[in-house]
Visitor: 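Attaching a single structure in structure tokens format; questions to follow.
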Amino acid sequence: MKLFKHGRRVRYRHRHLIVRTALMTGIPIALILGIVMFKKFISLPIMPYSLDSSAWFIYVKELPFLKFGSFFLLSLLITAGILIGLRYLFSYRYYHMRNKQLLARFIIRQGFYRMGTVQKTKGSWFDLSNSSSTKTTTKEVVTYFPKVYYTVEDGYMTFRFQTDGNEFQERFLNLARSLEVTFFSDLESEFLEKGYMGYRFIDNILADRLTIEELESRNGELALMKRVVWNFDKLPHMLVTGGTGAGKTYFILAVLKGLLNGTCTKEDIYIADPKNTDLADLEGIFPNVYSQKNGIAMVVNRFKEDMMKRSTEMKEMSNYKMGSNYRSLGLSPKFLIFDEFVAYMEMLSDFKEREKVLSNVKQIVMLGRQVGFFMIVGMQRPDAKYLADGIRDQFHFRIALGKNSDVGYSMMFSEADKKFTYKPKKGFGYVDSGKGVISEFYSPFISKDFDFMEEFKKLV
């Protein structure tokens, strides 16, 4: 591949190997095809011996123009067919070859190289000492090109930029956003190692999407995508946001299905649905489902009281040691699912009622991790009005579904250095899974014929 910057040619060793291979394969096949098609023509002289016009007319008349056209058309079709076949046979290699080429262009267009001049002296082979017979020319060359490494492993693309004290080093330390946009991939992590600044990206994140049937929780973890795992023992409490039609409630139902499949029983689930919609319909299956104002306040308070009770009981257990958590003592986790939290708070006109609920929520999110009491809260926007006093900061696993405003993303993920875009695909969003970066997210796929009610009846 040849690249150009300000008129100067810079060569990069990764070329379009598949295109060249197709041409190298197609040309010999075309030649063989030509020999077969033009046997008769090969025996004709290259040109008529006589310059007489009648001889030229007869010669031209003998030329198989129709076959010429067929030959060129078949040659093009064969070469194109080989190219397409190689493109699909070696699609993985081709994809990463294109990434290498894109990386080369990125380096050059960002100006991460240094140009210099060299002088060359040309003269006579016999008398180089004669100044009158020598000529000095100046030529611009690349005097510095950074060492950049590109590797692919376990579904991740990793870029390493050399930090050797060069003038571009400070810029190498802040390339995450530019690389993310250039390669249309999602940043998984940044790391600094001796001599290099590294950026790790998820390759083809849509392929990580799970189906609703695959959701299963084990050992304090629930995988929501192949590489997005909610470890609720380490990252307690989940915050889910999304406007109308973003799929927030269906995602919460999917999380509930995953928790029941391996971790919880129906007695471990507490549900508050102030809008009296899909979650409220589970009242006949789960014992602790509430949709009325007073019932919701009561279940939040009960969840908090059960948490405090377990904290006392854990310390009285014979196998309790300082630092033990609920799992090490053989206890199961419990979850309070609170959908449309802001809508509920708006329903409470009495200031004391609001303060009581907020006080209970604050205690749960502050103290619940060690004893295994966790909250899953859904709302349209994480307004600080109802998540103040450090409550929002205790939700360590956050998902924003659908299309959100810049203010909404800022409330959800603070001042994250992320270029948020919207993809019109069901279940699309962004997640902070505790890795320090915001990643693209896709909710578990739910088929049209999947029945949550029937599934929950089986699981409980």
Visitor: Report yes or no: does R392 contribute a side-chain atom to a donor-acceptor pair with the main-chain N or O of P382 at less than 3.5 Å?
Guide: yes
Visitor: When you measure from the side chain of Q169 to the backbone of G165, do you find a donor-acceptor pair of N or O atoms at a distance under 3.5 Å?
Guide: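 Yes: the side chain of Q169 pairs with the backbone of G165.
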Visitor: Short question: side chain of R209, backbone of S443 - any donor-acceptor pair under 3.5 Å?
Guide: yes
Visitor: Main chain of T265, side chain of D268: is a donor-acceptor contact present, judged purely on distance under 3.5 Å?
Guide: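 Answer holds: yes.
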Visitor: Tell me, please, which residues at least two apart from R381 pass side-chain hydrogen bond (donor to acceptor under 3.5 Å, both in side chains).
Guide: none
Visitor: What class does the angle between the rings of W230 and F374 fall in, given that below 30° is parallel, 30 to 60° is tilted and above 60° is perpendicular?
Guide: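 Perpendicular: the ring planes of W230 and F374 meet at over 60°.
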Visitor: Around atom OH of Y422, are there more than 12 heavy atoms from other residues, nucleotides or ligands closer than 6.0 Å?
Guide: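 Correct, the count exceeds 12.
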Visitor: Do the side chains of D233 and R327 get close enough for a salt bridge, i.e. N-O under 4.0 angstrom?
Guide: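 Here D233 pairs with R327 in a salt bridge, since their nearest N and O are under 4.0 Å apart.
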Visitor: Under the ring-ring contact (aromatic ring centres under 6.0 Å, His included) criterion, do F397 and F232 qualify, and how do the steps go?
Guide: CA-CA 8 Å; F397 194 95; F232 45 82; over 10 Å; no
Visitor: Considering all heavy atoms of both residues, which atom of G242 and which atom of K248 are nearest to each other, and what is their separation?
Guide: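 Heavy-atom minimum between the residues: O-CE, 3.2 Å.
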Visitor: Indicate yes or no for a side-chain donor-acceptor contact from S185 to the backbone of D203 under 3.5 Å, with no hydrogens or angles considered.
Guide: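 No, S185 side chain to D203 backbone: no donor-acceptor pair under 3.5 Å.
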Visitor: Does this structure show an ion pair linking D432 with R398, if we count only N-O contacts that are shorter than 4.0 Å?
Guide: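 Answer for the salt bridge query: no.
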Visitor: Please check: side-chain N/O of N99 versus main-chain N/O of L102, any donor-acceptor pairing under 3.5 Å?
Guide: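 Side chain of N99 to backbone of L102, a donor-acceptor pair under 3.5 Å: no, none is there.
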Visitor: What orientation do F168 and F172 show, parallel under 30°, tilted 30 to 60°, or perpendicular over 60°?
Guide: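 Tilted, since the angle between the ring planes falls between 30° and 60°.
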Visitor: Do any side-chain atoms of residues 317-324 form donor-acceptor pairs under 3.5 angstrom with protein atoms, and if so which ones, sequence neighbours left out?
Guide:
residue	atom	partner	partner atom	Å
S324	OG	K321	N	3.1
S324	OG	K321	O	2.8

Visitor: Whether the Y326 and S311 side chains hold a donor-acceptor pair (N or O, under 3.5 Å, no angle test) is what I'd like checked.
Guide: no
Visitor: Let me know which of V437, L179, T158 forms a side-chain contact (heavy atoms from CB on, under 4.5 Å) with Y199.
Guide: L179
Visitor: Restricting to pairs with a member in residues 345-354, which pass side chain to side chain donor-acceptor pair (under 3.5 Å), not counting sequence neighbours?
Guide: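 Non-adjacent pairs meeting side chain to side chain donor-acceptor pair (under 3.5 Å): E346-Y386.
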Visitor: Could you tell me how the ring of F183 sits relative to the ring of F159: parallel (under 30°), tilted (30 to 60°) or perpendicular (over 60°)?
Guide: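 Aromatic pair F183/F159 classed tilted.
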Visitor: Would the distance check show the side chain of R227 and the main-chain N or O of E188 forming a donor-acceptor pair, the cut-off being under 3.5 Å?
Guide: no
Visitor: According to salt bridge (Lys or Arg N to Asp or Glu O under 4.0 Å), does anything in residues 443-460 pair up with another residue at least two apart or in another chain? List the pairs.
Guide: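 Matches after skipping sequence neighbours: E454-K457.
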Visitor: Check I269, N288, I271 against L282 for a side-chain contact (heavy atoms from CB on, under 4.5 Å) and give me the one that passes.
Guide: I271
Visitor: What pairs with A343 under side-chain contact (heavy atoms from CB on, under 4.5 Å), at least two apart in sequence or on another chain?
Guide: K275, E340
Visitor: For A400, which residues count as a side-chain contact (heavy atoms from CB on, under 4.5 Å) partner, sequence neighbours excluded?
Guide: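 With sequence neighbours excluded, A400 shows a side-chain contact (heavy atoms from CB on, under 4.5 Å) to T241, N404, Y409, M412, F413, given in chain and number order.
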Visitor: For Y196 and Y149, take the angle between the two ring planes, folded into 0 to 90°, and tell me which bin it lands in: parallel under 30, tilted 30 to 60, perpendicular over 60.
Guide: perpendicular
